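Owing to the predicted nature of the structure, the values given are computational and were not obtained by experimental measurement.
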Amino acid sequence: MKITVENGKMHVPNNPTIPYITGDGIGRDITPVALKVFDAAVEKAYNGQRKVEWLKILAGEEALEKKGEPLPKETIEAIKEYVVSIKGPLTTPVGGGYRSLNVTMRQVLDLFVCFRPVRYFTGVPSPMKHPELLDVIIFRENTEDVYAGIEWPYDSKESIEIKNFLKDKLNVNIKENSGIGIKPISISGSKRIGKAAIDYALKYGRKSVTIMHKGNIMKYTEGLFKNVIYQLAEEEYKDTVITEKELTEKYNGKVLDGKIVLKDRIADAMFQQLLLRPSEYDIIVAPNLNGDYISDACAAQVGGLGMAPGGNINFNTHIALFEATHGSAPKHAGKNEINPGSMILSGAEMFEYMEWDEVKKIIITAIEKTIQEKYVTYDLARQIDGARKVSTSDFGDRIIKNMEDI
């Protein structure tokens with residue numbers, strides 16, 4: 001049966017059909033393992049009362065081979081129709097071929113939130129002394145900023161026309177050999193992701209929302225992003241959201257139950273803060289490029305992208321596409337050696353989004369136990385003393401085995 005959306009609320013049947021994209025490269029290794037783990041966790045949680053029907057859809061190299069195009073229309077329609085989907089990594093050709101399929105799907109489906117939770121799992125090697133202090137969720141705006149894809153080569157007709165217009169009409173001189181890109185950030189786009197971040201923080205009892213921006217330099221784009229979210233909080237969340245200034249001046253630094261703190265940080269300072277005082281940050285909301293950087297930087301602090309889940313979500317239509325956050329790593333493809341953790345954890349977030357919270361808890365607990373047993377794939381085994389290096393499929397099977405006692 002299909003997941004449906006009625007009157008702004010998502011309804012999930014006991015046997016939902018969920019589309020999946022295997023992905024390119026290592027997708028063929030990690031996706032089957034992840035699906036097997038998901039099925040076992042659902043069975044464990046609900047003892048046969050609930051079950052997922054998986055529907056394979058095509059994108060990337062497999063779609064190009066079978067359909068003659070990397071992103072068939074029927075794939076986009078299936079993601080819309082079934083509301084919640086999951087995918088493996090897709091290859092983006094460097095410097096040619098076709099545009100990033102990840103970016104294209106986000107744009108076409110208006111999946112305006114790139115949802116990136118980052119937390120530490122005990123036993124995962126990390127360059128930090130206290131990686132456990134970092135527990136953040138990044139709400140990265142997905143559709144605007146430089147990722148809108150509005151750019152032209154330095155010698156193109158469009159680029160020349162824009163440079164001439166800027167020079168003749170606005171007295172702005174740009175070097176003739178410059179490529180041109182446009183960075184749009186809108187009031188409406190900023191408001192909806194700010195609302196998504198604040199609503200999530202309130203729903204799940206998070207402590208704060210931090211706006212990450214470079215508004216001191218880009219005053220009318222990233223500065224707008226910051227100002228719009230503050231204005232949103234003032235107009236729509238006055239009873240539940242307090243600013244950092246109010247926290248000091250009105251509440252003597254103490255946050256009352258049921259309230260969250262809204263603050264902002266300049267982007268470069270944010271990187272430093274997350275290294276020096278990670279426990280002070282909770283939800284981070286950022287424009288597209290800043291969100292891209294900070295997501296991977298945070299993942300590095302807790303051991304890398306191999307254990308970093310993600311999803312692309314429109315919190316208004318409820319359409320969501322969860323994904324492994326790393327690349328397709330073609331040199332490792334077909335070797336049954338890669339870490340499926342990112343894909344599995346993305347599925348855990350997907351189940352929580354469906355309000356099957358028990359499934360997420362089972363997956364997280366079983367993964368943590370497996371890592372603590374030092375029964376891990378090569379990427380972790382080479383960094384853990386006394387670890388047993390196992391294959392992708394064996395790692396998945398061990399996770400399933402460790403569900404038995406939960």
Partners of A201 by side chain to side chain contact (heavy atoms under 4.5 Å, CB included), sequence neighbours excluded? R206, V209, I260, I283
With a 4.5 Å cut-off on side-chain heavy atoms, are F271 and M212 touching? yes
With Y230 via side chain to side chain contact (heavy atoms under 4.5 Å, CB included) - residues at least two apart: I211, K226, T243, L262, D264
Which residues satisfy the ring-ring contact (aromatic ring centres under 6.0 Å, His included) test with F115, sequence neighbours excluded? F139, Y200
Y281 six-ring centre to R277 NZ/CZ under 6.0 Å and within 45° of normal: no
Can you confirm whether K335 is buried at NZ, in the sense that more than 12 heavy atoms of other residues, nucleotides or ligands lie under 6.0 Å from that atom? yes
Check for me whether R106 meets the cation-pi criterion with Y147, that is, NZ or CZ under 6.0 Å from the six-membered ring centre and within 45 degrees of the ring axis. no
Residues two or more places apart in sequence or in another chain: which of them pass ring-ring contact (aromatic ring centres under 6.0 Å, His included) with Y378? H332
State, yes or no, whether a side-chain contact exists between I160 and W152 at a heavy-atom distance under 4.5 Å. no
Can you see whether S328 engages T91 through a side-chain donor-acceptor pair at a distance of less than 3.5 angstrom? yes
With sequence neighbours left out, write down each residue that passes side chain to side chain contact (heavy atoms under 4.5 Å, CB included) with K369, or none if nothing qualifies. E373, N402, D405
Can a salt bridge be assigned to the pair K203 and E352 using a cut-off of 4.0 Å between side-chain N and carboxylate O? no
Are the side chains of M10 and Y353 in touch, meaning some heavy atoms are under 4.5 Å apart? yes
Is it the case that atom NZ in K263 sees more than 12 heavy atoms from other parts of the structure closer than 6.0 Å? yes
Those residues that, when tested against E6, pass side chain to side chain contact (heavy atoms under 4.5 Å, CB included) (two or more places apart): T4, H11
Please determine if D268 and K214 form a salt bridge, counting it only when a charged side-chain N lies under 4.0 Å from a carboxylate O. yes
Is it the case that over 12 heavy atoms from other parts of the model lie below 6.0 angstrom from the NZ atom of K36? no
Charged N to carboxylate O under 4.0 angstrom, K73 versus E77? no
CG of D155: more than 12 outside heavy atoms within 6.0 angstrom? yes
Going by an N to O cut-off under 4.0 Å, is there a salt bridge joining E144 and R192? no
Beyond-backbone contact of M128 with L275, side-chain heavy atoms, under 4.5 angstrom: yes
Examine K361 relative to F351 and say whether NZ or CZ is less than 6.0 Å from the centre of the six-membered ring and inside a 45° cone about the ring axis. no
Lys/Arg-Asp/Glu bridge criterion (N-O < 4.0 Å) met for R28, E62: no
